[in-house]
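Side chains are part of it too, since the values below use all heavy atoms of this structure and drop only hydrogens, waters and symmetry mates.
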Amino acid sequence: MSNLNPAPIAIVGGGPGGLTLARLLEISGIGYVLFERDASSVPEPGYQGGTLDIHGKTGQEALRRAGLHAEFEKLARREATSLVVQDYLGNNHSKIDVERDAPEIDREQLRQILLDSLPAHRVQWGKSLCAVERGKPYKQPSAADIKLRFKDGSTETGFRLVVGADGGWSKLRKLITPAEPEYSGIVFIEGRLSVDNPQYDAALEMVGSGNSVAMGERSVLCVQQMSDRSYRVYMGIKGPQDLTRPGGDLDILKVNETRAALLAPSGFYGNWAPHLRAFVSDAEGPWRVWPWCRLNPHVLHQPIRGGSSTSDQGDHHWKHVPCVALMGDAAHLASPNGEGVNQAMYDALMLFERIMEELSDKPKGDFDQEADAEALDRAVTAYETEMLPRGHAHIENGLKVERTFFGQDAARNLSKEFKDM
């Protein structure tokens with residue numbers, strides 16, 4: 001086909017990865033539309049986005065290429081990279097000044113920088129993807145037959161490329177693998193300390209402008225400062241996922257009862273040092289549950305062409321689908337390890353570069369839809385070749401963090417690891 005204008009690229013998901021790709025396409029004059037499940041750009045009441053460390057060679061590099069690094073630097077907190085480490089009794093206490101190019105920024109601030117760089121008409125709000133359908137495959141690579149179904153009853157189709165940046169429970173991932181995230185056995189409960197909280201001064205003295213972690217065998221406690229000088233409190237525990245669900249022993253809809261259970265003599269913080277227990281005692285609600293889930297790293301192994309997969313995941317291995325790309329948690333959901341957002345933004349940069357390499361060589365003149373689809377599919381193939389081993393390593397690193405955070409000598413081991421770095 002020729003004499004047609006290019007269809008837009010569809011980006012599903014308006015997190016840092018999806019927004020970064022949108023910005024890169026925007027400044028390059030490539031048409032796109034971004035579908036985001038949030039109702040609007042205004043965060044929902046009770047939004048509990050934390051703070052992120054943005055790394056120089058990945059997240060910051062993507063912002064540089066997107067022309068937004070100067071805006072990032074206006075809000076980046078380079079004084080907030082210190083880490084206080086101690087065990088659950090307050091012993092093995094150390095403050096580590098982490099010397100690396102990874103300043104902190106609130107998640108909400110980063111999101112707004114990216115959103116402000118996009119024309120409003122490029123983002124469609126209230127678009128929560130509920131299903132993806134694909135018609136009879138074309139002989140040539142194409143995304144034109146992919147239909148996106150949203151919870152508001154609308155459907156969208158006819159794109160030149162479909163990019164899934166729709167998070168750990170991605171609907172678009174079902175086109176590539178039936179694999180679902182696995183619960184790690186660790187769940188975090190998030191609260192906060194406002195500036196007038198009884199424990200605010202104690203947090204300021206212990207944590208300052210950075211982060212802290214206290215570690216036990218079956219629970220950890222993290223406290224981190226936000227840009228407004230308030231603190232987030234993260235209570236991490238090892239246990240079944242239904243523990244924190246409605247009706248569970250730690251039902252977070254019943255904050256007072258859950259707090260009492262956590263601090264009871266037999267609770268997760270029952271034998272912790274008084275100064276650490278106090279942060280749990282005064283953590284303000286509403287509390288939010290954050291279960292650590294991740295994909296099995298073997299999912300990101302591509303099978304040998306013409307052979308069978310040797311992965312223990314069977315047919316859950318990664319299958320290349322023409323003109324479909326996954327980014328961020330949709331591609332390589334891992335337990336939190338300080339890299340998640342950075343990897344998502346770097347995915348956006350890598351995919352964008354592969355796209356530009358293919359499109360820049362196209363002859364000028366009439367648009368050829370089939371040639372364009374073939375070019376974009378080559379771009380996705382090249383992107384996956386780099387992304388899959390990197391994503392595999394990212395998930396493995398998250399597994400290492402799970403092992404590091406809990407244990408009798410966890411605080412000592414973590415301090416040594418950072419000092420060695």
Side-chain angles (χ1 to χ4, degrees), residues 6 8-36 38 41 43 49 51-78 100-125 159-167 227 325-332 338-360 376 379-380 382-384 386-387 390-391 394:
I9 291 174
I11 305 171
V12 181
L19 289 170
T20 299
L21 179 60
R23 169 61 180 178
L24 291 166
L25 295 174
E26 178 65 34
I27 61 177
S28 300
I30 298 175
Y32 67 92
V33 58
L34 189 149
F35 300 103
E36 166 54 33
D38 287 352
S41 61
T51 183
L52 307 166
D53 54 324
I54 305 301
H55 301 176
K57 294 182 179 180
T58 50
Q60 286 187 60
E61 182 60 23
L63 290 171
R64 288 188 191 94
R65 293 290 300 278
L68 297 175
H69 196 262
E71 294 302 312
F72 166 76
E73 285 291 355
K74 293 177 183 178
L75 298 171
R77 305 194 304 277
R78 292 189 173 273
R100 60 175 181 166
D101 184 14
E104 299 280 345
I105 187 171
D106 288 6
R107 179 182 291 271
E108 186 176 339
Q109 291 177 321
L110 178 62
R111 179 178 187 256
Q112 200 60 51
I113 289 173
L114 290 162
L115 272 177
D116 288 346
S117 73
L118 304 177
H121 72 275
R122 292 291 192 182
V123 182
Q124 294 195 20
W125 299 97
F159 302 105
R160 67 194 294 204
L161 175 69
V162 175
V163 180
D166 50 336
S227 64
L326 298 184
M327 295 171 24
D329 287 350
H332 41 65
E339 291 281 352
V341 167
N342 290 284
Q343 290 297 314
M345 296 172 73
Y346 194 67
D347 284 346
L349 178 57
M350 292 296 98
L351 177 59
F352 170 74
E353 288 187 344
R354 302 295 83 78
I355 290 172
M356 294 306 295
E357 287 172 359
E358 290 293 339
L359 298 188
S360 63
L376 287 173
V380 173
Y383 161 72
E384 289 179 336
E386 186 277 337
M387 180 274 291
R390 176 166 52 83
H394 173 54

Is any side-chain heavy atom of Arg390 closer than 4.5 Å to one of Tyr346? yes
Indicate the atoms forming the closest heavy-atom contact of Gly59 with Ile54, along with that distance. C-CG2, 3.7 Å
Could you check whether any side-chain heavy atom of Tyr383 comes within less than 4.5 Å of a side-chain heavy atom of Asp347, counting everything from C-beta outward? yes
So, using side-chain hydrogen bond (donor to acceptor under 3.5 Å, both in side chains) as the criterion, who are the partners of Gln124 when residues are at least two apart? none
Report yes if the side chains of Gln343 and Met327 come closer than 4.5 Å at any heavy-atom pair, otherwise no. no
Closest approach of Glu357 and Arg354, non-hydrogen atoms and distance? OE2-NH2, 2.8 Å
Would Tyr32 and Glu26 count as having a side-chain donor-acceptor pair, cut-off 3.5 Å? yes
Rounded to the nearest 0.5 Å, what's the gap from CD on Glu71 to CG on Leu114? Could you check? 11.0 Å
How many angstroms lie between CD1 in Ile105 and CZ in Arg78, if you round to the nearest 0.5 Å? 11.0 Å
Taking C-beta and beyond as the side chain, do Leu21 and Met345 meet within less than 4.5 Å on heavy atoms? no
Can you tell me if Thr20 and Arg65 form a side-chain donor-acceptor pair at under 3.5 Å? no
What one should report as the nearest heavy-atom pair of Ser28 and Phe352 is OG-CZ, 3.0 Å
With side-chain contact (heavy atoms from CB on, under 4.5 Å) as the test, would you mind laying out the steps for Gln112 and Leu115 before giving the verdict? CA-CA 5 Å; Gln112 200 60 51; Leu115 272 177; 4.3 Å; yes
Do Asp53 and Arg100 meet the salt-bridge criterion of a basic N to acidic O distance under 4.0 Å? yes
With a 4.5 Å heavy-atom cut-off, do Leu110 and Leu63 have their side chains touching? yes
Just verifying a value: how many Å separate Leu75 CG and Glu108 CD, rounded to the nearest 0.5 Å? 11.5 Å
Is a side-chain donor or acceptor of Arg122 paired with a backbone partner of Val33 at a separation under 3.5 angstrom? no
Partner of Met387 under side-chain contact (heavy atoms from CB on, under 4.5 Å), chosen from His394, Met350, His332: His332
Please report the shortest heavy-atom distance between Gly338 and Asn342, naming the atom on each side. O-ND2, 3.3 Å
Taking atom CZ of Arg77 and atom CD of Gln109, what is their separation to the nearest 0.5 Å? 6.5 Å
Nearest heavy-atom contact between Gly328 and Ala344 is CA-CB, 3.7 Å
Heavy atoms of Ala325 and Leu351 approach each other most closely as CB-CD2, 4.0 Å
Under a 4.0 Å N-O cut-off, is there an ion pair linking Arg111 with Asp116? no
Chi angles and distances behind the side-chain contact (heavy atoms from CB on, under 4.5 Å) call for Leu359, Leu376: CA-CA 8 Å; Leu359 298 188; Leu376 287 173; 4.2 Å; yes
So, taking the atom named CD in Glu36 and the one named CD1 in Ile11, what distance separates them when rounded to the nearest 0.5 Å? 11.5 Å
Before you tell me yes or no, could you show the steps for Phe159 and Ile9 under side-chain contact (heavy atoms from CB on, under 4.5 Å), namely the whole-Å CA-CA distance, both residues' side-chain angles and the distance that decides it to 0.1 Å? CA-CA 6 Å; Phe159 302 105; Ile9 291 174; over 6 Å; no
Would you tell me whether His69 and Gln60 have side-chain atoms, one donor and one acceptor, within less than 3.5 Å of each other? yes
Gap between atom CZ of Arg160 and atom CD1 of Ile30 - 0.5 Å precision: 6.5 Å
